[in-house]
**Student:** 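Got a structure for you, questions after.
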Amino acid sequence: MKAQTITLVGSGLAGPLLAIELKKRGFDVRLYERRPDMRKVRMSAGKSINLALSTRGIHALRAAGAWEEMRKIIIPMRGRMMHSVTGELSFMPYGKDETEVINSISRAELNIALMNAAEERGVAIHFNQRCTGYDHRTGAVRLRDEETGKTATVKSEVVIGTDGAASAIRAAMLHAPRFNYAQSYLEYGYKELTIPAGPKGEHQIETNALHIWPRGSFMLIALPNIDGTFACILFLPFEGANSFAELDTDAKVGAFFEKQFPDARRLMPQLIENYNANPVGAMVTIKCAPWQQEGKALLLGDAAHAIVPFFGQGLNCAFEDCTVLLELLDRMGPEWRRLFAEFERARKANTDAIADMAIENFVEMRDKVADPRFLFRKKAELALEAKYPGTFVPKYAMVTFHRVPYAVARERGRIQDRMLTELCDGIERVEDLDWKKAEELVRRELIPLREV
Ligand SMILES: Cc1cc2nc3c(=O)[nH]c(=O)nc-3n(C[C@H](O)[C@H](O)[C@H](O)COP(=O)(O)OP(=O)(O)OC[C@H]3O[C@@H](n4cnc5c(N)ncnc54)[C@H](O)[C@@H]3O)c2cc1C
């Protein structure tokens, strides 16, 4: 029997991973990507960012047989290293022990490794093919060759939009009756910068950490690369005090870094060149529904639910979409309409939850990580986790090191937050926690995570 054809639009991170898995299941998979092949053409700005890969993403990579390859290009980060203005360092572990780490990976390297793996398994990737429209009545995807300007249409049984936050497939769905759509931009932008490697190719600051320079209304972060460099991201408001708009001369950029991030500044000899070369990116949350049209087209990953990057979950969530879709496919078979509806039912509340938690985490990273009260609560949280392992699990850990549904993590996180407020009020040392009260609260409010 002829294999069903599936067209995937967008060969970013979710596209090639899903292609590998669909190919494995016998479908004829075609992947169309608007950019040139990044293995042949110099990387454009915006692609040198590093991402934090964690449990949900790793699970999907393992299932696809691609994790061992990725292990060669990751650097585990054990916690956040905070840099004060005067250069003092303080370290806050992400998890309870060495097994709970997040992994720094270059977006470009990951993308390349996934595309290589997809091609090795027989997936054809067509580059420079921008999707310009989709017609669900005919199933036709319209494409324009970015080099020659030639247009074409391709038809297939199923189309999946893995074309990211600015999805063309989603844009086509906007015309469908009763399609819900909301987008909300942060008033903050981001810019990529670099800390080069030291003279012997070594990291110039602690390798196994995500570095943060939190400054209240703005921040700088740095993630390690395997070549000894750090990929940095500067987050500033677009307008107003300490904003991108304010830093409109080289002198102002230099002075701003000297004042706010003096220890990082000393390690960034190319700061001004980097600053001028790289654009300011915007960050958006997108929620929409339905994600499918009559079992013929589906949105997945950022195309269905773009989120801001502050929980380090966009990629992990997009990969988890693949896991859930494939589990349903294996269970239900290619009854696409029912399958897509079930997929959306299983995922929507969870992707909405991580979108909201990512916004909340923005405030935490920028503002609270330098607050002694917040740091004390974090210590108390770890003490409670040690006492009630598997039951009192910090929200960050549930999202990052477990695969419980995001909506459950958010709900349990809220309950635990209230418990922490009750237990930490009026005390300043973990030794003074009222363990009898803690026992009562835990027994009353939480069941073990594995029973969820
Ligand atoms: C600054 C920043 C930091 C981040 N940090 C993290 C992190 O630490 N951890 C994490 O998990 N996530 C992070 N993310 C989020 C993560 O990058 C995304 O969630 C993830 O890339 C989504 O994967 P995707 O495949 O859905 O979309 P993308 O990776 O964006 O891929 C979409 C692909 O579709 C192509 N495309 C777009 N339009 C068309 C078209 N019309 N025709 C054909 N092709 C098209 C694009 O060129 C691209 O290749 C971060 C994002 C940003 C911006």
Side-chain angles (χ1 to χ4, degrees), residues 7-19 30-38 44-58 60 74 77 102-108 110-112 114-115 125-134 141-146 154 159-172 186 188-193 210 221 223 231-235 278-286 299-322 351 354-355 358 361-362 365 399-400:
T7 298
L8 298 185
V9 176
S11 184
L13 301 178
L17 181 73
L18 189 58
R30 296 160 189 186
L31 201 38
Y32 295 91
E33 167 57 47
R34 75 169 175 206
R35 287 175 325 214
D37 186 346
M38 61 162 67
S44 58
K47 297 296 163 194
S48 61
I49 272 176
N50 275 32
L51 306 171
L53 176 66
S54 51
T55 299
R56 294 167 204 262
I58 293 172
I74 57 161
M77 300 182 290
I102 58 174
N103 301 285
S104 176
I105 189 165
S106 143
R107 173 201 287 273
L110 174 60
N111 204 165
I112 287 172
L114 284 171
M115 290 195 293
I125 310 179
H126 305 275
F127 293 98
N128 293 309
Q129 298 299 315
R130 177 187 288 270
C131 168
T132 54
Y134 165 71
V141 170
R142 285 195 300 281
L143 297 164
R144 188 182 66 229
D145 188 305
E146 294 284 80
V154 291
V159 174
I160 303 184
T162 48
D163 49 347
S167 168
I169 300 295
R170 191 186 63 234
L186 281 190
Y188 280 72
Y190 71 91
K191 191 183 273 279
E192 295 167 32
L193 299 167
L210 188 153
I221 67 169
L223 282 79
C232 306
I233 311 179
L234 174 66
F235 295 97
N278 293 333
V280 177
M283 289 170 284
V284 67
T285 303
I286 292 175
L299 302 173
L300 182 141
D302 274 16
H305 46 70
I307 63 177
V308 297
F310 302 103
F311 222 121
Q313 283 296 309
L315 151 75
N316 291 288
C317 179
F319 280 6
E320 191 171 64
D321 278 358
C322 298
T351 58
I354 189 60
N361 225 38
F362 173 47
M365 281 177 84
V399 167
T400 310

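Index from 1, following the sequence. Start at 1 and go down the list; that is how both ligands and their atoms are numbered.
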**Student:** Report yes or no: does a heavy atom of Ala166 sit under 4.0 Å from some atom of ligand 1?
**Tutor:** no
**Student:** Report, in ascending order of atom number, the atoms of ligand 1 lying under 4.0 Å from any heavy atom of Ser11.
**Tutor:**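 Here the atoms of ligand 1 in question are 49 (O).
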**Student:** Hydrogens and angles aside, do Asn50 and Ser104 bring a side-chain donor and acceptor to less than 3.5 Å of each other?
**Tutor:** yes
**Student:** Check for me whether the distance between the ring centres of Tyr32 and Phe127 falls short of 6.0 Å.
**Tutor:**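 Judged by ring-centre distance (under 6.0 Å), Tyr32 and Phe127 do not meet the cut-off.
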**Student:** Check ligand 1 against Thr162 and write out every atom of the ligand that is under 4.0 Å from a heavy-atom position of the residue.
**Tutor:**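 The atoms of ligand 1 under 4.0 Å from a heavy atom of Thr162 are 32 (C), 33 (C), 34 (O).
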**Student:** Rounded at 0.5 Å granularity, tell me how far CG in Asp321 sits from CG in Asn316.
**Tutor:**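 Going from the CG atom of Asp321 to the CG atom of Asn316 covers 11.0 Å.
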**Student:** Out of Asp302, Thr132, Leu299, Leu13, who gets a non-hydrogen atom closest to atom 18 (C) of ligand 1?
**Tutor:** Asp302
**Student:** So, does Arg107 sit close enough to ligand 1 that a heavy atom of it is under 4.0 Å from the ligand?
**Tutor:** yes
**Student:** Would you say the ring centers of Phe362 and Phe235 fall short of 6.0 Å from each other?
**Tutor:** no
**Student:** To the nearest 0.5 Å, what is the distance between CG (Asn103) and CG (Leu110)?
**Tutor:** 11.5 Å
**Student:** Number the atoms of ligand 1 from 1 as they appear, then name those within less than 4.0 Å of a heavy atom of Asn316, with their elements.
**Tutor:**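 This gives 11 (O) as the contact atoms.
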**Student:** So is Gln129 in contact with ligand 1, going by heavy-atom distances below 4.0 Å?
**Tutor:**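 So Gln129 counts as touching ligand 1.
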**Student:** Could you name the option among Gly15, Ala14, Ala52 that has the heavy atom nearest to atom 8 (O) of ligand 1?
**Tutor:** Ala52
**Student:** Which of the atoms of ligand 1 are close to Gln313, meaning less than 4.0 Å from one of its heavy atoms?
**Tutor:** 9 (N), 10 (C), 11 (O)
**Student:** Suppose I only count heavy atoms of Tyr190 and a 4.0 Å limit; which atoms of ligand 1 are within that range?
**Tutor:** 1 (C), 53 (C)
**Student:** Who's closest to atom 39 (C) of ligand 1 heavy-atom-wise, of Val284, Asp163, Val308?
**Tutor:** Asp163
**Student:** Give the numbers and elements of all ligand 1 atoms closer than 4.0 Å to a heavy atom of Ala168.
**Tutor:** 41 (N)
**Student:** Between CG of Leu53 and CG of Leu51, what distance do you get to the nearest 0.5 Å?
**Tutor:** 8.5 Å
**Student:** Is there a side-chain contact between Leu186 and Thr285 (heavy atoms, below 4.5 Å)?
**Tutor:** no
**Student:** We want to know whether Arg144 and Asn128 form a side-chain donor-acceptor pair, criterion being a heavy-atom distance below 3.5 angstrom.
**Tutor:** no
**Student:** Gly301 to ligand 1: N or O pair under 3.5 Å?
**Tutor:** no
**Student:** Quick one: does Val141's side chain get under 4.5 Å of Val9's, heavy atoms only?
**Tutor:** yes
**Student:** Which ligand 1 atoms are under 4.0 Å away from a heavy-atom of Arg130?
**Tutor:**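 Those qualifying, in numeric order: 41 (N), 42 (N).
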**Student:** Do Ile169 and Val159 make a side-chain contact, defined as non-hydrogen atoms from C-beta onward lying under 4.5 Å apart?
**Tutor:**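 Heavy-atom side-chain distance check passes, below 4.5 Å.
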**Student:** Relative to ligand 1, is Arg35 under 4.0 angstrom through side chain, backbone, both or neither, heavy atoms considered?
**Tutor:**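 The side chain, only.
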